[in-house]
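Since the model is a prediction, treat every value here as computed from it, not as a measurement. Convention: sequence-line order gives letters A, B, ...; per-chain numbering from 1.
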Amino acid sequence: MVSVLLPDGSRKDYPDDSTPLAVAESIGSRLAKAVVAAVVNGKVVDSRRPLVESAEAAGTDPAQPISLKLLTDRDPEALSVMRHSAAHIMARAVMRVFPHVGLAFGPTLPTGFYYDFDMPDPIREDDFPRIEAEMGKIIAEAETFDRFELPRGEALQLCADLGQALKVQHLQTGLADHASLSFYRQGEFVDLCRGPHIPDAGRIKAFKLLSVAGAHFKGDASGRTLQRLYGTAFFSQKDLDAYLTQIEEAKRRDHRVLGKQHNLFHISQDVGPGLALWLPKGAVVRGTLEEFIKHELVARGYTPVYSPHVGRVEMYETSGHFPYYRDSQFSPIFGHPGGSLVDRWITLLADNGLNPGNERKFLEFAPFLDVKIDNYPIGGSVEEKLAALRSWQGMQERYLLKPMNCPHHVQIYKSQQRSYRELPVRLAEFGTVYRHEQSGELNGLLRVRGLTQDDAHQFCTPDQVENEFLETVKLVQFVLGSLGLDNYRVQLSLRDPGSDKYVGSEENWQRAEASLRRVLTDLQLPFEPRAGEAAFYGPKADFMVKDCIGREWQLGTVQLDYNLPERFQLEYIGADNRAHRPVMIHRAPFGSMERFVGVLIEHFAAAFPLWLAPEQIRILPISEKQNEYAGQVEQALKGRGFRATTDLRSSKVNAKIRDAQLELIPYMLVVGGKEAEQGTVTIRDRLDPEHQQSIPLAQAIELFQTEVRERKIRQTKKVPEATGLHGGEGVEENAY
RNA sequence: GCUAGCGUAGCUCAACGGUAGAGCACCGGUUUUGUAAACCGGUGGUUGUGGGUUCAAAUCCCACCGCUAGCUCCA
């Protein structure tokens, strides 16, 4: 007998081979019908798998009372289980519709699932109806999902017999240390899978294929392209419809659409991809934010600086940025016509990619580009050749469009001798940097090639690090809070101990990582450590903010750096009259102005609060007779620093109101004969048009001033986080 | 960068082998208006670029550029 402990505290004994489904049956047949999966001793498992087995699989002692929670369609965990099963059903359908389908992975996502297929021809959206129809048939048949386990050798044989090469490969790599593997069979479809699954296909009540795109097996871009088919599934048609509606609504907030509609920014093919043009209205939003942050920085002891947009390549070689990120930078600017020839020459030599034939061609071609390297040792070693080429290169000008501000700020720090008394030195700049992001990554303002960081670098003593870091995190929190961006999480990005892409000593890294942890813990700010996400010079705390479509963007970041001071030989004179090495903190609360404004456009759906609105107030004269008075009102508002215009068109006030409303102008001031006579204005509030008040102009100005001063956020339209729509996170780790 | 899809007027879209069209915007005129669109008229496109097939190409084919989704990357 097994002893089962239910969530209500009751305990009951069942026969040894009982399953959660059997327990449910004993409670009631309606419950049994509703059961989708179960949680046994804390682990989500199949409802048709014996309790004892599940308890063992959970690493617990089945002799002890087994805690059991039955999952029905009301539990979010059940949704994930069902979607995983839906992925299997989709795979089964795809295999029926297309020949020669190889299976890769098919995990769940917070809003659905996907499955990767290796197949000769790509799937097209036109194919969706056929696949969906086949899925519908499978679901209607409501066959069970049957789990079975095989020892390693037999599992390999089965996958090989099924012709599933990728599964075989996965068994031999990712699952190399598993002695026994589980499979699920559903009709003719058998798949290597960890599970769990729903009892039968009939539990899926609503599903839809969403999109298809290329993907790579285990994320390896050098491998062949798989077809990743995305879908979603719900326990009711109503939930599916709600989800689809939500996606539609989110699309309407797309900053690229709103940016165009409201003339905020423009990305012109003629300027170049990823290079944003700030239109006057967008420029107001950005400028206002810049003023806001600059004011905060000065109050917190930062000193503004400026630095040029280019710098010598050598400087970026010292910092490490050039060698580490060369591929994602714009090409260097060479002062000599043969600069890029020699550069290529050096690269090939250093990579041992230069054969004698090519070397001869380089030598022949060099004179045409005016490159004279008389001492090139044709018969010499690679090192000697490199030395000769580098010596030539060293005499030429090479500039880089700056990919980062830190080396420039480092030079500002170094421009004078520093005493411990003046630390921390906090240098701030809205620095524009250029990165040649991959073309497929560009995305409106959210991912661009020219961006302005609200950057600053703090140089401090090792003792000051934690307090500086603490204050900086508080600044980021303040800034995000001021804009009502509260949907964010903090990620502690650490180095991957197994990788060699990092610079600096073990000791420095440990110190830096420990400091970050301590401060975040002291602040009681929940954070998730993520190995392998650090910058090459140091660990960082990243603020990941969610946009309206649920995508996450890294905005603010605070990075701790013991390494650049080392590389640039930075010093300060300590109280002991000896030279010491400072520590650097890199930080950008907004990240970049481009991305930040992009996220804000979606966050506010372009309906900015008064203090940020490109046009704050529009004056609407009823007829041309009031144009003069309207002009006086406009002048009075402008004199108080408001962004106001007057609608002087000859159209009716109805049309003027409609346009102002659609343009999301926070306040309209209607002025007719009455107002002109009495020196008043009638305020029409965009958010509350029903309650209008006619008050003296001076009084209206006071109201607006208060709202701006307090940076009031009166309404943030939020896409509802529809409850019951989302399952848990996808299958992680060694999911198979 | 890779895979797939898509590029028609300032914007949103139609025409899908047979002389490129609508609404909004814009311009001109009439109207002088009290809370989400007054009326009349007009301008505007060698259909992303360059080749090709065809009697004929926005439409079919190729290359390039750009955009979108996903993948890979992100100092």
Carboxylate-amine/guanidinium contact Asp254(A) Lys251(A), below 4.0 Å: no
Hey, does Gly672(A) reach any base, or is it just sugar-phosphate, or nothing, if we go heavy atoms under 4.0 Å? base
Pair assignment for rG41(B), Watson-Crick or G-U wobble, requiring both distances under 3.5 Å: rC27(B)
Can you find a donor-acceptor pair, distance only, under 3.5 Å between Gln692(A) side chain and rU35(B) base? yes
For rG70(B), the Watson-Crick or wobble counterpart (both distances under 3.5 Å): rC2(B)
Answer yes when Asp659(A) and Arg649(A) have at least one side-chain N-carboxylate O distance shorter than 4.0 Å, and no when they do not. yes
From the list rC71(B), rU35(B), rA38(B), which nucleotide is the closest neighbour of the side chain of Lys652(A)? rA38(B)
Considering every strand and a 4.0 Å limit on heavy-atom distances, what is the contact class for Tyr537(A): base, sugar-phosphate, or nothing? sugar-phosphate
For the pair made of CD in Glu125(A) and P in rC6(B), what is the distance, rounded to whole Å? 10 Å
Any salt bridge between Asp685(A) and Arg714(A), counting N to O under 4.0 Å? yes
Interatomic distance, Glu675(A) CD vs rU35(B) P [rounded to whole Å]: 12 Å
Nearest to the side chain of Arg684(A) - rA75(B), rU35(B), rC11(B)? rU35(B)
So, are Glu677(A) and Lys674(A) salt-bridged, with charged N and O less than 4.0 Å apart? no
For rU19(B) and rA15(B), measure between their C1' atoms and round to the nearest Å. 13 Å
Out of rA37(B), rU35(B), rC11(B), whichever nucleotide has its closest atom nearest the side chain of Ile657(A): rU35(B)
Pairing partner (Watson-Crick or G-U wobble, both distances under 3.5 angstrom) of rU8(B): none
d(Leu229(A) CG, Phe128(A) CZ) to nearest 0.5 Å is 5.0 Å
Can you measure Asp659(A) atom CG to rC26(B) atom C1' for me and round it to whole angstrom units? 13 Å
Residues two or more places apart in sequence or in another chain: which of them pass ring-ring contact (aromatic ring centres under 6.0 Å, His included) with Phe98(A)? none
Tell which nucleotide pairs with rU19(B), taking only Watson-Crick or G-U wobble pairs whose two distances are both under 3.5 angstrom. none
Inter-nucleotide P distance (rU3(B), rA75(B)), Å rounded: 26 Å
Is it true that the side chains of Thr646(A) and Glu634(A) contain a donor and an acceptor less than 3.5 Å apart? yes
Looking for any heavy atom pair under 4.0 Å, which part of the strands does Gly673(A) touch: base, sugar-phosphate only, or nothing? base
Would you measure the distance from the P atom in rU46(B) across to the matching atom in rC73(B) and give it in whole Å? 43 Å
Side-chain atoms of Gln329(A) come closest, of rC67(B), rU12(B), rA75(B), to rA75(B)
Given the P atoms of rU54(B) and rU12(B), what is the spacing between them in whole Å? 37 Å
Give me the ring orientation class for Trp509(A) and Tyr502(A): parallel if the planes are under 30° apart, tilted from 30 to 60°, perpendicular past 60°. perpendicular
Would you measure the distance from the C1' atom in rG18(B) across to the matching atom in rC24(B) and give it in whole Å? 31 Å
What integer distance in Å separates His436(A):NE2 from rC74(B):C1'? 14 Å
On RNA chain B, compare the nucleotides closest to Pro403(A) and Gly274(A); which residue's is nearer the 5' end? Gly274(A)
Using the side chain to side chain contact (heavy atoms under 4.5 Å, CB included) definition, which of the options Gln458(A), Lys540(A), Met584(A) pairs with Asp561(A)? Met584(A)
Take the protein atom CD1 of Ile622(A) and the nucleotide atom C1' of rU31(B), then report the distance between them rounded to whole Å. 16 Å
Taking CZ from Arg530(A) and C1' from rC74(B), how many angstroms apart are they, rounded to a whole number? 13 Å
Rounded distance in Å - CZ (Arg228(A)) to C1' (rC71(B)): 7 Å
Closer than 4.0 Å, any side-chain N/O of Asn405(A) to the OP1 or OP2 of rA75(B)? no
Which part of the nucleic acid, if any, lies within reach of Ser319(A) when heavy atoms closer than 4.0 Å are counted: base, sugar-phosphate only, or nothing? nothing
C1' spacing across the pair rA25(B) / rG44(B), given as an integer number of angstrom: 11 Å
Between Asn654(A) and Pro273(A), which is nearer to the 5' end of RNA chain B once each is assigned its nearest nucleotide? Asn654(A)
Looking for any heavy atom pair under 4.0 Å, which part of the strands does Leu442(A) touch: base, sugar-phosphate only, or nothing? sugar-phosphate
Counting just side-chain N and O atoms, does Arg124(A) come under 4.0 Å of either OP1 or OP2 of rG5(B)? yes
What nucleotide among rC73(B), rA36(B), rA38(B) has an atom nearest to a side-chain atom of Glu437(A)? rC73(B)
Any donor-acceptor N/O pair under 3.5 Å between rA75(B) base and Ser328(A) side chain: yes
Mark yes or no for a side-chain to base donor-acceptor pair under 3.5 Å between Arg447(A) and rC74(B), with no hydrogen or angle criteria applied. yes
Can you tell me how far P in rA58(B) sits from the matching atom in rG45(B), rounded to whole Å? 16 Å
rC26(B) versus rC11(B) - spacing of their P atoms, nearest Å: 15 Å
Using a 5.5 Å cut-off between ring centres and planes within 30 degrees, is Tyr325(A) stacked on the base of rA75(B)? yes
Can you tell which of rG34(B), rC74(B), rU32(B) lies closest to the side chain of Ser623(A)? rU32(B)
When all nucleic acid strands are considered with a 4.0 Å heavy-atom cut-off, which category describes Val670(A): base, sugar-phosphate, or nothing? base
Does Ser439(A) have a side-chain nitrogen or oxygen under 4.0 Å from the phosphate oxygens OP1 or OP2 of rG1(B)? yes
Using the side-chain heavy atoms of Thr225(A), tell me which of these nucleotides is nearest: rA36(B), rA38(B), rU3(B). rU3(B)
OP1, OP2 of rA75(B) versus side-chain N and O of Lys540(A): anything below 4.0 Å? yes
Counting side-chain heavy atoms from CB outward, which of rU35(B), rC71(B), rG66(B) is closest to Gln269(A)? rG66(B)
So that I can tick it off, tell me whether Arg326(A) and Asp343(A) are bridged by a salt bridge, with the cut-off set at under 4.0 angstrom between side-chain N and carboxylate O. yes
Does rU68(B) have its OP1 or OP2 closer than 4.0 Å to a side-chain nitrogen or oxygen of Arg256(A)? yes
Strictly by Watson-Crick or wobble contacts shorter than 3.5 Å, is anything paired with rC60(B), and which nucleotide is it? rG52(B)
Considering only rA69(B), rC2(B), rA75(B), which nucleotide approaches the side chain of Asn443(A) most closely? rA69(B)
Taking the side chain of Gln438(A) as heavy atoms from C-beta outward, which of rC73(B), rU12(B), rC67(B) is closest to it? rC73(B)
Would you kindly give the NZ-to-P distance between Lys656(A) and rG34(B), to the nearest whole Å? 11 Å
